[in-house]
Amino acid sequence: MQALILAAGRGVRMGSLTEDTPKPMLKVLGKNLIEHKLEILPASIQEVVIVVGYKDHVIRDYFGEKWRHLPIKYVYQKELLGTGHGVHMAKDAIAGNFMVLMGDDMYHREFLDNLSKEKWAISARRIEKPKLGAKIVTDRKGTLTDIQEAQNLVPGEWENIGAYVLGKEFFDAPLVPKAVDSAEYGLPQTLLHLVSKYPIKIVEAENWTQITSPEDLQIAATVF
């Protein structure tokens, strides 16, 4: 299996922190966000593919062609056209099933281990307090049937946190815009084209931190 890391572009809410560096290279507890992921990848991961764009040389120069025992490939996404487009950009670098992680999110090792055991999977967490987010809908067997963006989630519902295991067949699905008038192509929206063909399991992530502001870096330092 391969790991595909989508390195986000410049974080508009990160201010001066991302003027000279891409957000996934910001540090928590002395390590950048990509390093935190590489250190906890499951043993089944044999290679890493990083989709780069903004200030891509910063990532390339830091990691080079290998990190410890893991070979690294790079795919350049010139325009930020969404997560679905970013994954499709890596089509020629992917050989089989692969794990997708967001470059500016932080995860725990146990969660990634559980995720890697599935052929097709999407990550989710149970909502404890009302919030706005992407609602995951399942059937009675607990497999994915729908992803509803920008929902007012209530306690007990599933929220999509943006980590996946996908098959090579994902690249056969047509890219789907995030919204009718959007120029970006969404990974969740594209994935929904495949739910009738492949059972997509929900894998729970109890601890997950999304870095969207300088304050989130401080929060992550207390959790990980």
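From a predicted model like this one, the values you see are computed outputs, not experimental measurements. All residue numbers in this chain count up from 1 along the given sequence. Atoms considered below: every heavy atom in the structure, side chains included; atoms not considered: hydrogens, waters and symmetry mates.
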Next on the checklist: Whether the side chain of N152 engages the backbone of L132 through a donor-acceptor N/O pair (distance < 3.5 Å, no angle test) should be reported.
Outcome noted: no
Checklist outcome for this item: So NZ of K31 and CE of M106: to nearest 0.5 Å the spacing works out to 9.0 Å
Checklist entry - Just by distance, do the side chain of D216 and the backbone of S213 share a donor-acceptor pair under 3.5 Å? => result yes
Checklist entry - Does L187 offer a backbone N or O that forms a donor-acceptor pair with the side chain of T83 under 3.5 Å? => result yes
Checklist entry - Is the closest side-chain heavy-atom distance between L115 and M99 below 4.5 Å? => result yes
Item to check | Closest non-hydrogen atom pair, L112 against P42 | outcome: O-CG, 3.4 Å
Next on the checklist: On a heavy-atom basis, which atom in N160 and which in P188 lie closest, and how many Å separate them?
Outcome noted: ND2-CG, 3.8 Å
Next on the checklist: Set out, in order, the CA-CA distance, both residues' side-chain angles and the distance that settles side chain to side chain contact (heavy atoms under 4.5 Å, CB included) for I122 and I147, then state yes or no.
Outcome noted: CA-CA 10 Å; I122 183 173; I147 305 171; 3.6 Å; yes
Checklist entry - Closest approach of E118 and V203, non-hydrogen atoms and distance? => result CG-CG2, 4.0 Å
Next on the checklist: What I want to check is whether the side chains of E65 and Y74 have a donor and an acceptor closer together than 3.5 Å.
Outcome noted: no
Checklist entry - Hey, are Q151 and E159 close enough side-chain-wise for a donor-acceptor pair under 3.5 Å? => result no
Item to check | R13 versus T212, closest heavy-atom pair with distance | outcome: CB-O, 3.3 Å
Item to check | Side-chain donor or acceptor of Y54 paired with backbone N/O of T18 under 3.5 Å | outcome: yes
Checklist outcome for this item: Residues M89 and Y76: closest non-hydrogen pair is CE-O, 3.0 Å
Next on the checklist: By the definition side-chain contact (heavy atoms from CB on, under 4.5 Å), identify the one residue from L217, N32, L33 that meets it with K27.
Outcome noted: N32
Item to check | Non-hydrogen atoms of V51 and A90 that approach each other most closely | outcome: CG2-CB, 4.4 Å
Item to check | E39 bridged to R68 by N-O distance under 4.0 Å | outcome: yes
Item to check | Under 3.5 Å side-chain donor-acceptor pair for E184 and S182 | outcome: no
Checklist entry - Hey, mind stepping through L194 and W120 against side chain to side chain contact (heavy atoms under 4.5 Å, CB included) and telling me if it holds? => result CA-CA 10 Å; L194 300 166; W120 290 84; 3.9 Å; yes
Item to check | Whether K119 side chain and L166 backbone form a donor-acceptor pair below 3.5 Å | outcome: no
Item to check | Contacts of type side-chain contact (heavy atoms from CB on, under 4.5 Å), residue E47, not counting sequence neighbours | outcome: Q2, P71, K73
Item to check | Atom pair CG/CD1 of D105 and I5 - distance to nearest 0.5 Å | outcome: 11.5 Å
Checklist entry - Which of these passes side-chain contact (heavy atoms from CB on, under 4.5 Å) with L144: V137, D139, I202? => result I202
Checklist entry - Can you say whether the rings of F98 and F170 are parallel (under 30°), tilted (30 to 60°) or perpendicular (over 60°)? => result perpendicular
